[in-house]
Amino acid sequence: MITSEAVERALHDLFIVAEGTKLRREDRKKSVEVAALLGEIERHRKDALLVDAAAGKAYVGLVGAALLGFSRIHVIERKATRIAACEAAAARLGKRIELGLAAGDVGDSACWPEAPEVVVALHACGAASDAILDAASRAGAKWMYVVPCCYAASVPFAAAAEAKADALGMPRQAEVRRRFILSLVDAERALRLEAAGYEVTITAFVPPTVTPHNLLFRARRVREPGRMREAAARLARLRA
C-alpha cells in the first residue's frame, strides 16, 4: 500500500533541490491524493505505457515510477516550464525510464501516443477533463483514471446544465443548484464514456476534507455494443 508519507518523501527527493527546503503545504496535501491515485493503478503492468495528462510537473507519473516501478511514462502538459521541471525530476529518479514529453494541449491528438494502457489525470481544470476523456478515448486508452476539477462555465455541458436547471424551476440557492448542475455535468461525462465503449465507475477516491473535487472516474475499455447503444440513447436524451 502506498502511503502519503512515502509520496511526500518521493516528491521531496524528486522536486526539492535547495538544501533545507521543505514541501509546500499544498504539496503535502496533494500527496494524499497522489497516494490514493497510485493505489488505483498499482495493479497494472509496470511496463505498461502510463500517460499523465494535464500533468503539471507529473507528480503522479514520476512518483508512480519511483514507488511502483512504472518504466514507460508519457507526459502531456502545455506549460514549457513544467515540462522542464518534469524532465529535471526524472533525472533524479536514480533509474532509467522511457519518458515521453509532449508540450501541448491535452485535446490535441498529436500529443497522445497510440493505445496507451493507463491514462491518469489529477485535477485537470475545467474543460481540460473533458478534453482528456475525449482524446484518451480517441487514442484507444485501455484504462482511464480521471479526477475532474473546477466545474467552470468553460466545461462543455455546463451551459446546457444551467438551462435544464432553469427549465425545471430549480431554486437559486447556491448549494442546491450547484449540486444539481454538477451532477448533470458528471452524468454527461459518464454517458459519453460509456457510449464510446467504456465501463465506468465513479467513486470518492479521497474524503471531501482533503479536496471537494474528490470524484474519480474509473473507466475500462470494453466496447460492448449493447451497452454502447443504450448509453448513446441516454446521452441523447440528456442533451436534448
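Here the structure is a predicted model, which is why all the values come from computation and not from measurement.
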In this structure, are over 12 heavy atoms from other groups packed under 6.0 Å from Lys164 atom NZ?
yes
In terms of heavy-atom contacts, Ser154 and Ala127 come closest through O-CB, 3.4 Å
Drop me the distance from Leu93's CG to Leu62's CG, to the nearest 0.5 angstrom.
6.0 Å
Check the pair Arg234 / Glu194 against side-chain contact (heavy atoms from CB on, under 4.5 Å), numbers first and verdict last.
CA-CA 10 Å; Arg234 286 179 177 271; Glu194 289 179 348; 5.8 Å; no
Do you know which two heavy atoms are closest between Ala124 and Ser129, and how far apart they sit?
O-OG, 2.8 Å
Any salt bridge linking Lys30 with Glu26? Criterion: basic side-chain nitrogen under 4.0 Å from a carboxylate oxygen.
no
When rounded to the nearest 0.5 Å, the distance separating CG of Leu238 from CG of Leu184 is 6.0 Å
Can you list the steps and then say if Asp27 with Phe15 is a side-chain contact (heavy atoms from CB on, under 4.5 Å)?
CA-CA 11 Å; Asp27 288 330; Phe15 294 98; over 6 Å; no
Would you confirm whether Arg218, through its side chain, and Thr203, through its main-chain N or O, come within 3.5 Å as a donor-acceptor pair?
no
Shared ILVMFWY cluster between Met170 and Phe157, side chains joined below 4.5 angstrom?
yes
Side chain Gln173, main chain Glu175, donor-acceptor under 3.5 Å:
no
Residues passing the side chain to side chain donor-acceptor pair (under 3.5 Å) test with Arg177, sequence neighbours excluded, are Glu162, Asp166
Looking at NE2 of His213 and CG of Leu122, how far apart are the two atoms once the value is rounded to the nearest 0.5 Å?
11.5 Å
Who else is in the cluster with Leu215 when I, L, V, M, F, W and Y are joined by side-chain contacts under 4.5 Å?
Val51, Ile76, Val106, Trp112, Val119, Ile132, Leu133, Met144, Val146, Leu193, Tyr198, Val200, Ile202, Phe217
Count the heavy atoms of every other residue, nucleotide or ligand shown that sit under 6.0 Å from CZ of Arg43, and state whether that count exceeds 12.
yes
Are Val75 and Ile97 connected in the hydrophobic side-chain network, where two residues link if heavy atoms are under 4.5 Å apart?
yes
Charged N to carboxylate O under 4.0 angstrom, Arg239 versus Glu188?
yes
Measuring from atom CZ of Arg24 to atom NZ of Lys29, what distance do you get when rounded to the nearest 0.5 angstrom?
13.0 Å
What are the two closest non-hydrogen atoms of Gly126 and Val155, and how far apart are they?
C-CG2, 3.7 Å
What's the separation between atom CG in Leu99 and atom NE2 in His74, rounded to the nearest 0.5 Å?
9.5 Å
hydrophobic_cluster_shared for Val206 and Val147, side chain cutoff 4.5 Å
yes
Given the rule in the side-chain contact (heavy atoms from CB on, under 4.5 Å) test, do Ser109 and Arg138 qualify, once you have shown the distances and angles that lead to the verdict?
CA-CA 8 Å; Ser109 295; Arg138 289 195 302 269; 3.3 Å; yes
Are there over 12 heavy-atom neighbours, none belonging to Lys46, within less than 6.0 Å of that residue's NZ?
yes
Is there a ring-ring contact (aromatic ring centres under 6.0 Å, His included) between His44 and Tyr145 once you walk through the steps?
CA-CA 12 Å; His44 291 287; Tyr145 300 87; 5.7 Å; yes
Would you call Arg189-Asp186 a salt bridge at under 4.0 Å N-O?
yes
Arg227 side, atom CZ; Glu199 side, atom CD - distance, nearest 0.5 Å
5.0 Å
If you count every heavy atom of other residues, nucleotides or ligands that lies below 6.0 Å from Glu224 atom CD, does the total exceed 12?
yes
Examine Ile2 and Leu37 and state if one hydrophobic cluster contains both, with Ile, Leu, Val, Met, Phe, Trp and Tyr joined whenever side-chain heavy atoms are less than 4.5 Å apart.
yes
Test of understanding: clusters of I, L, V, M, F, W, Y form through side-chain heavy atoms closer than 4.5 Å, transitively. Do Val32 and Leu14 belong to the same one?
yes
If I compare all heavy atoms of Ser71 with all of Asp47, which pair ends up nearest, and what's the gap?
OG-CA, 3.6 Å
Could you pull out the closest heavy-atom pair between Thr211 and Asn214, with the gap in Å?
O-CB, 3.4 Å
Could you give all pairs that pass the salt bridge (Lys or Arg N to Asp or Glu O under 4.0 Å) test and reach residues 102-121, with sequence neighbours left out?
Arg45-Glu117
Chi angles and distances behind the side-chain contact (heavy atoms from CB on, under 4.5 Å) call for Arg223, Arg221:
CA-CA 6 Å; Arg223 302 290 295 173; Arg221 189 176 175 90; 3.8 Å; yes
Heavy-atom closest pair, residues Gly104 and Cys111:
CA-SG, 3.8 Å
